[in-house]
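See below for the structure under consideration.
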Amino acid sequence: MPKDYIKFIRKSPYREKLEHMIEDLANDTLDNYDLKKMSGSQDLWRIRIWSIRCIFEKIDGENYIIEINKRWDAYKS
């Protein structure tokens, strides 16, 4: 079963930008993004692309996507 964020990306009007962001996450080249460490956590970060939020975790130099969703829905999980 695919992750929920894959389904979200397929339907998004920002599909190309989000796919490019996932590639950059895999390569750890995040200098061109609005990147911010989330408060209250050591390893959680977020990337903002318009009204879309990508929440991911950095563990031992690897990035793991937790959520990609609209602004208000991304922070609920």
Side-chain angles (χ1 to χ4, degrees):
M1 183 168 107
K3 304 238 183 220
D4 291 336
Y5 65 82
I6 294 173
K7 186 176 179 182
F8 177 80
I9 290 171
R10 287 183 185 152
K11 292 181 177 184
S12 175
Y14 309 117
R15 180 179 180 175
E16 290 180 25
K17 181 72 173 169
L18 292 172
E19 289 172 347
H20 185 64
M21 182 220 32
I22 289 174
E23 288 176 22
D24 289 342
L25 262 172
N27 298 328
D28 203 25
T29 55
L30 302 172
D31 297 334
N32 296 328
Y33 293 97
D34 182 4
L35 183 67
K36 186 175 181 182
K37 191 171 192 174
M38 296 190 63
S39 62
S41 176
Q42 292 284 11
D43 301 325
L44 286 180
W45 294 76
R46 72 107 172 110
I47 295 175
R48 181 178 63 94
I49 299 176
W50 299 291
S51 63
I52 307 298
R53 301 298 188 267
C54 172
I55 300 172
F56 67 98
E57 188 172 19
K58 286 188 176 187
I59 300 175
D60 297 329
E62 296 286 326
N63 297 324
Y64 299 97
I65 297 173
I66 295 174
E67 177 92 34
I68 298 177
N69 215 330
K70 291 182 181 177
R71 182 174 68 169
W72 295 110
D73 297 331
Y75 299 113
K76 291 180 182 179
S77 54

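Computation of the quantities below employed the complete heavy-atom set of this structure, encompassing side-chain atoms and omitting hydrogens, waters and symmetry-equivalent molecules.
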Please name all residues satisfying side chain to side chain donor-acceptor pair (under 3.5 Å) with R15, sequence neighbours left out, ordered by chain then number.
->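 Per chain and number, R15 pairs via side chain to side chain donor-acceptor pair (under 3.5 Å) with E19.
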Residues forming a side chain to side chain donor-acceptor pair (under 3.5 Å) with E62, sequence neighbours excluded |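 By the side chain to side chain donor-acceptor pair (under 3.5 Å) rule, E62 matches no residue at all.
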I'd like a table of donor-acceptor pairs (distance under 3.5 Å, sequence neighbours excluded) in which one partner is a side-chain atom from residues 22-29, with atom names and distances.
residue	atom	partner	partner atom	Å
D24	OD1	T29	OG1	3.3
D24	OD2	H20	NE2	3.3
D24	OD2	Y33	OH	2.6
N27	ND2	E23	O	3.2
D28	OD1	N63	ND2	3.2

What I'd like to find out is whether the side chain of [X] reaches to under 4.5 Å of the side chain of [Y], using heavy atoms alone.
X: M21; Y: K17; value: no
X: I52; Y: F8; value: yes
X: F56; Y: L35; value: yes

Applying side-chain contact (heavy atoms from CB on, under 4.5 Å), run through Y5 and I65 and close with a yes or a no.
-> CA-CA 9 Å; Y5 65 82; I65 297 173; 3.8 Å; yes
Would one find more than 12 heavy atoms of other residues, nucleotides or ligands at under 6.0 Å from atom NZ of K37?
->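 Counting other residues, nucleotides and ligands, NZ of K37 exceeds 12 neighbours.
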Can you name the salt bridge (Lys or Arg N to Asp or Glu O under 4.0 Å) partners of E57, sequence neighbours left out?
->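 For E57, no residue satisfies salt bridge (Lys or Arg N to Asp or Glu O under 4.0 Å) once neighbours in sequence are set aside.
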Run the side-chain donor-acceptor check on residues 43-50: report pairs under 3.5 Å with partners two or more places apart or on a different chain.
residue	atom	partner	partner atom	Å
R46	NH1	D34	O	3.1
R48	NE	D34	OD2	2.6
R48	NH2	D34	OD2	2.8

Closest heavy-atom pair and its distance - R53, A74 |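 R53 and A74 have their closest heavy atoms at CB-CB, 3.7 Å.
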